[in-house]
Structures are given as C-alpha cells and as structure tokens.
Amino acid sequence: MQRKRKNLGMTLAQIKKMETVCQLAAQTLQYAAKLVAPGVTTGHINDAVHEYTLSLDAQSAPLNYHGFPKSVCTSVNDVVCHGVPRDDEVLMPGDAINIDVTLKKAGFFGDTSATFFVGEVTDNVKKVTEAAKKGMMAGIEQVKAGNRTGDIGYATNKVVTNLGFYTVKAIGGHGIGDQFHKDPFVPAAGRPKSGEILRENTCITVEPMVNETSEDFIEFQIPDSSICYYKTIDGTATAQFEHTILITKNGYEILTAW
Ligand code: MF3
Ligand code: CO
Ligand code: CO
C-alpha cells in the first residue's frame, strides 16, 4: 500500500504534453539546421528560432532563464556549451556549431541539440562529432526503469574513450518535465550500478559533451546571468548531441527524435 510520493512518474496526460513539446523542439532544431551556412550569424539563427518557436505556439525556454539573454544556445568550434548567439558572429566554412533548442509549451519542456558543420570541416572535427553522437546513443541505450545514471555515463564514456576522446565530467544531462532542469544529474561518465535510479514515466536528457584533448574546460561569465559558457582549454574541438528521453518500464522513448 505504501507508495513514496517522491519520484512518482508522470500521468498519461503529462506524458502526452512532453511528447508534444519534445516533437516541436525536434522540429525547431531541424529548422535551425537548415539555416547553418557560411555568412550566417548566430544572432540570425537565434532570431529565426525565436520566431519559429512562437509560430508553434511555444516559448523559447533559454530566454531570461537565470538571466540568459537569448532564445537558443549556439556553441561554435571550441565553445563546449551555452554559447550566446551574437549578431557579429559569422559562420565560416570549417566551423562546427552546436545548436541547443529548448521549448516550453503547456508547462512542459523539450530539450535537444546537435552539432552541425559549416562546409567542409577537418577530420578531427568530424571524429569528435561522431564520438559525441555515438556516446549519446550508447548512453540512451542504457535507459530503462531500475537502471542508474552511472550506467548511462559508463556506456557513453566507454565509447568516447575508445575513440580517443574525452567526455566532460562536470557538466551533463538532467531530469526534465515541468521544470527545465531537475534531478537527477545525468553524467557522461560513471560506474555501472552507481548513481540515481531511473524512474518509470519520468524524463531525462542524455547530452554528453566530448572534447578532443581534455575533459577540462574554461568557464566564462555571461553578463547579468548566473549561466556560464565554457570553452576547451586549448582551442581544440568539442561536440555535443542531446535528446530528451522518456524512461519506460522496459526501456526508453526518444521524445525529441529528429
Ligand atoms: N539547453 C541546455 C541544456 O541542455 C541549457 C541551456 S540553459 C541556458 O541543459 F540558459 F543557457 F539557456
Ligand atoms: Co539539457
Ligand atoms: Co539543451
């Protein structure tokens, strides 16, 4: 008869709202991807994503979130995450850009990102990006009610390490639902059977950041915000992918599938 109130999963109606907002987030990311080209500014991508989001009858969750000044994160080249779009930041052939879209609709959040190339990029950039995508997928495959966050991190880190790269340990995924960020922390490295237990009918993000030469990064303040952005220590490459995942009894659903 006892049931802990904490960690109760979502109702079917709440899950439906998550499915809706996550699909719209994925659609917005696909829209943003088409804008990536030489000569385009990250400020333009921001403005276009903002308008597109409104056209879907949704809100851009990053805007004013802990003082974040823009509607989407655009992390170019050595920016690990939380890059702030700028009207004077022009994409050039050879650049890699992670676009991280978070939408809010009917009180629920959908969060997804991917790394895109501007023209031809170096083999190293391609390899780091591939490692981040494979690491994310390996982590997602561990998602199942009863498994733990450490299982996700372990699987991600193994793939990334085997490819010769480094997962960022200090920043990671998160619970999501009626809040943008909530427990548990979802690491990109860890030990099997460690960390928090994954609960049925709750959502998390899996969003490993993968660096070319080191897990370390440098932190930069965003003016008037408690959010920081981060760069690699030596200007080398970094990449990230992110999906919002529903934890089910026997596995998972990728709610932001693009
Ligand atoms: N979308 C990011 C994440 O994956 C968070 C961005 S917070 C912001 O968790 F304030 F920088 F937008
Ligand atoms: Co996220
Ligand atoms: Co995100």
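Read the numbers this way: they start at 1 and go in the same order the structure lists the ligands and their atoms. Remember, it's a predicted structure, so these values are computed and weren't measured experimentally.
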With heavy-atom distances below 4.0 Å as the criterion, list the atoms of ligand 1 near [X].
X: Glu242; value: 4 (O)
X: Pro62; value: 12 (F)
X: Ile227; value: 10 (F), 11 (F)
X: Glu207; value: 3 (C), 4 (O), 9 (O)
X: Thr102; value: 1 (N)

Checklist line | Minimum-distance atom from the Co ion (ligand 3) among N, O or S atoms of Glu242 | finding: OE1

Check: atom 3 (C) of ligand 1: which protein heavy atom is closest, and how many Å away?
Finding: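 Residue, atom and distance for the closest contact: Asp111 OD2, 3.4 Å.
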
Note to self: I'd like the name of whichever of Val72, Thr112, Asp100 reaches closest to atom 2 (C) of ligand 1 through any heavy atom.
What the structure shows: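 It is Asp100 whose heavy atom sits nearest to atom 2 (C) of ligand 1.
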
Checklist line | Nearest candidate to atom 11 (F) of ligand 1, where distance is taken over non-hydrogen atoms, out of Phe68, Phe109, Phe180, Tyr65 | finding: Phe68

Note to self: Heavy-atom distances under 4.0 Å decide this one: backbone, side chain, both or neither, for Cys73 against ligand 1?
What the structure shows: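 Cys73 to ligand 1: side-chain contact only, backbone stays beyond 4.0 Å.
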
Notebook entry, point to check: How does His181 reach ligand 1, if at all, at less than 4.0 Å between non-hydrogen atoms: by side chain, backbone, both, or neither?
Noted result: side chain

Next item on the list: Just give me the atom name: the N, O or S atom of Asp111 closest to the Co ion (ligand 2).
Entry: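 When I compare the N, O and S atoms of Asp111, OD2 is nearest to the Co ion (ligand 2).
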
Check: Are Asp234 and Thr236 linked by a side-chain donor-acceptor pair shorter than 3.5 Å?
Finding: yes

Checklist line | Asn98 and Ser75: side chain donor to acceptor below 3.5 Å | finding: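 Looking only at side-chain atoms, Ser75 and Asn98 do not form any donor-acceptor pair under 3.5 Å.
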
Checklist line | Aromatic ring proximity, centroids under 6.0 angstrom, Tyr230 and Phe220 | finding: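 No; Tyr230 has its ring centre 6.0 Å or more from that of Phe220.
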
Check: Any non-hydrogen atom of His82 lying under 4.0 Å from ligand 1?
Finding: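 Yes, that is the case, since the closest heavy atom of the residue is under 4.0 Å from the ligand.
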
Next item on the list: Give me the ring orientation class for Tyr52 and Tyr31: parallel if the planes are under 30° apart, tilted from 30 to 60°, perpendicular past 60°.
Entry: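 If you compare the ring of Tyr52 with that of Tyr31, the planes turn out parallel.
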
Check: Taking both backbone and side chain into account, is any N, O or S atom of Glu207 nearer than 2.8 Å to the Co ion (ligand 3)?
Finding: no

Next item on the list: Give the C-alpha distance, both sets of side-chain angles, the deciding distance and a yes or no for side chain to side chain donor-acceptor pair (under 3.5 Å) between His243 and Thr256.
Entry: CA-CA 6 Å; His243 275 305; Thr256 46; 2.7 Å; yes

Next item on the list: Any chance you could lay out the ring-ring contact (aromatic ring centres under 6.0 Å, His included) test for Tyr65 and His181, step after step, and finish with the verdict?
Entry: CA-CA 11 Å; Tyr65 180 73; His181 293 105; 5.4 Å; yes

